[in-house]
Structures are given as structure tokens and as C-alpha cells.
Engineer: 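Have a look at the structure that comes next, please.
Just so you know, these numbers come straight off a predicted model, no measurement behind them.
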Amino acid sequence: MEKEYIFNGVTLLITHYNRSQSLEQLLRSFAGLHCKFEDIVVSDDGSKSEHIDYLHSLQNQFNFRLITTPKNKGLGNNINKGQDAVQTPLTLYVQEDFTPAPIFPEKFQHALRIMKTRQEIDMARFYAYFEYPYLINEDNGFYDMAFKVWKPGYRKFYMYSDHPHLRRTSFFQKFGRYIEGQKGDFTEYTMMMSFLKKKGKAVFYKDFTGLFTQRNSEVEPSTMKRENWRLSENFFLTNIRHLYRHLKFNFDYLS
């Protein structure tokens, strides 16, 4: 008999927009790993009617609470209303286009132990696009993120991310709510700065693509749109981008 993982005190919060098949794949993946959460909340950002209909059919299978809005209001509003619905002490936040790896349940148990034994830790991060540059105090694959403004480089600022993470449900009380009515990148950036300025503390799983995979299928591609200059690999634009971020991040943090 395969082991069941029952995560009492944890709500799985999933943000969703027009990607109901991706959401189904995520929920089935957790079920396939025998993960059971005290509650599941799906926060929808004004998806098309066909996706809403499909969400209602998924509710019968996966028993989640669906929080909707009549029109698209952006990432900030979607996370805010979803987090407002959470009633457990801890929140596992995952966007709908991720899939947990087979080792996730065991590592998540350890992240829970960290959060419960170290009350100063605000967040445990499970995914990233690159390794955080300053990691100390290894603990079963998790490391403390050691931010100091005087350390070189701008990647040190990326302590917070909207990628999958475990956080305290009291997160808003310390760091404020997500800004609404802005593009997703700016929403994430403002929360990152709030996390830094209010002395947030986080642990980071060093094998940063080992616990989740991000899946963007041709049928349901990413709904996040970014300007071309942010994605270009042109040597000149890349260096301009690095310089811009270095100056902006330091200025915004110190101002």
C-alpha cells in the first residue's frame, strides 16, 4: 500500500485563468502522489465560460472551493481574493501550470517542519528560474536565503517569487496585500520589495527545478505576456537589462 500524505493545517491555493486542463493535470498529479490537504482553494480570474463550466465539473472530482470574479482583474486581485478565502495557518501557493515531482511530498513534509519549528521563517520556496546566489545553513536540501544589500549582483533581491511556495496565511499582515490593477510582473516586483524591506525570511530548495515542473502546452500556453526586451538574448540588450535592474533594484530598496 502506498503512503498517504495528509497535510493538516495547509490549504492548497491555486490561481487559475483560462487553463482548466492544466488545472486538472495539477490536481491529478497531487492526487497521484497521495497528497491530501485540509482544504483546496481555486481562485479564478474571470475565465471564459467554457473553462468555468469545466471547473465546476472538476469540483465534483477534487472537492475544492472555487472563488470567482465576473471579469478579469489581474494577478494581484486573483491572489488576494484567493488568500482571503484560506482558513488554515499555512498556504501552499501554486499556479495552475505546475506539476509536482514524485519527491515533492517528502520534501514538503520537511518544509512544514521548518515552518513549524522556526517561527521567524515566512516562506519556503520550491521553484525558481535560477539558484539564489547567497545560500547558507543547509537543511535536507533547503537553505536560508541570506540577503544583504551590500552583496554584489542584483539577483540577491529575488527573495520573493510567485512560483510555488509555502507561506504563513498571516502573510498579508506582515507584507501587505498584492497591488491590484497592474501587470503581473509589476505586481510580483512590488511584493518582492515589500518582502525585502520588511525583513522577510525564507528558505530555498537548492535543486530549484527538482520539486516542480512548469508546463506550458500548445493547447493552453502561458497567459503571462512580457515585453520583447525582457526576453531578448541579444548581447547588447542583455547587458542593458542587467544594468537597469541593478540600478533600479538598489534605488527602490534604499528609497
Engineer: Of all residues at least two apart in sequence or in a different chain, which pass the salt bridge (charged side-chain N to carboxylate O under 4.0 Å, His left out) check with D39?
Structural biologist: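 With neighbours one apart ignored, the set is R65.
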Engineer: Using ring-ring contact (aromatic ring centres under 6.0 Å, His included) as the criterion, list what pairs up with Y5, not counting sequence neighbours.
Structural biologist: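 Partners of Y5 by the ring-ring contact (aromatic ring centres under 6.0 Å, His included) criterion come out as none, since no residue qualifies.
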Engineer: With F126, which of L92, T209, V94 fulfils side-chain contact (heavy atoms from CB on, under 4.5 Å)?
Structural biologist: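 So the option named by the test is L92.
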Engineer: State plainly whether the residues R19 and D97 are in salt-bridge range, i.e. N to O under 4.0 Å.
Structural biologist: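 Yes, R19 and D97 are salt-bridged.
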Engineer: Determine, stepwise, if the pair K206 / E131 fulfils side-chain contact (heavy atoms from CB on, under 4.5 Å).
Structural biologist: CA-CA 7 Å; K206 190 171 184 178; E131 181 180 313; 3.4 Å; yes
Engineer: Are K3 and E106 ion-paired here, with the side-chain N under 4.0 Å from a carboxylate O?
Structural biologist: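 A salt bridge is present here (some side-chain N lies under 4.0 Å from a carboxylate O).
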Engineer: Could you list the residues that satisfy ring-ring contact (aromatic ring centres under 6.0 Å, His included) with F98, not counting sequence neighbours?
Structural biologist: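 In terms of ring-ring contact (aromatic ring centres under 6.0 Å, His included), with neighbours along the sequence ignored, F98 is linked to Y127, H163.
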Engineer: What pairs of donor and acceptor atoms, side-chain ones from residues 192-202 against any protein atom, are under 3.5 angstrom apart with sequence neighbours left out?
Structural biologist:
{"from": "S194", "atom 1": "OG", "to": "F175", "atom 2": "O", "distance (Å)": "2.6"}
{"from": "K197", "atom 1": "NZ", "to": "D252", "atom 2": "O", "distance (Å)": "2.9"}
{"from": "K197", "atom 1": "NZ", "to": "S255", "atom 2": "O", "distance (Å)": "3.3"}

Engineer: Output all residues satisfying ring-ring contact (aromatic ring centres under 6.0 Å, His included) with H165, sequence neighbours left out; order by chain, then residue number.
Structural biologist: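 Counting only residues at least two positions away or on another chain, H165 forms a ring-ring contact (aromatic ring centres under 6.0 Å, His included) with Y93, Y160.
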Engineer: Quick one: do the N78 and S43 side chains pair a donor with an acceptor below 3.5 Å?
Structural biologist: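 The criterion, which ignores hydrogens and geometry beyond distance, is satisfied for S43 and N78.
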Engineer: Under the side chain to side chain donor-acceptor pair (under 3.5 Å) rule, what do T11 and T91 come out as? Steps first, then yes or no, please.
Structural biologist: CA-CA 5 Å; T11 293; T91 301; 5.8 Å; no
Engineer: Excluding sequence neighbours, so at least two apart, what forms salt bridge (charged side-chain N to carboxylate O under 4.0 Å, His left out) with D139?
Structural biologist: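 Scan of D139 (salt bridge (charged side-chain N to carboxylate O under 4.0 Å, His left out), adjacent residues dropped) gives none.
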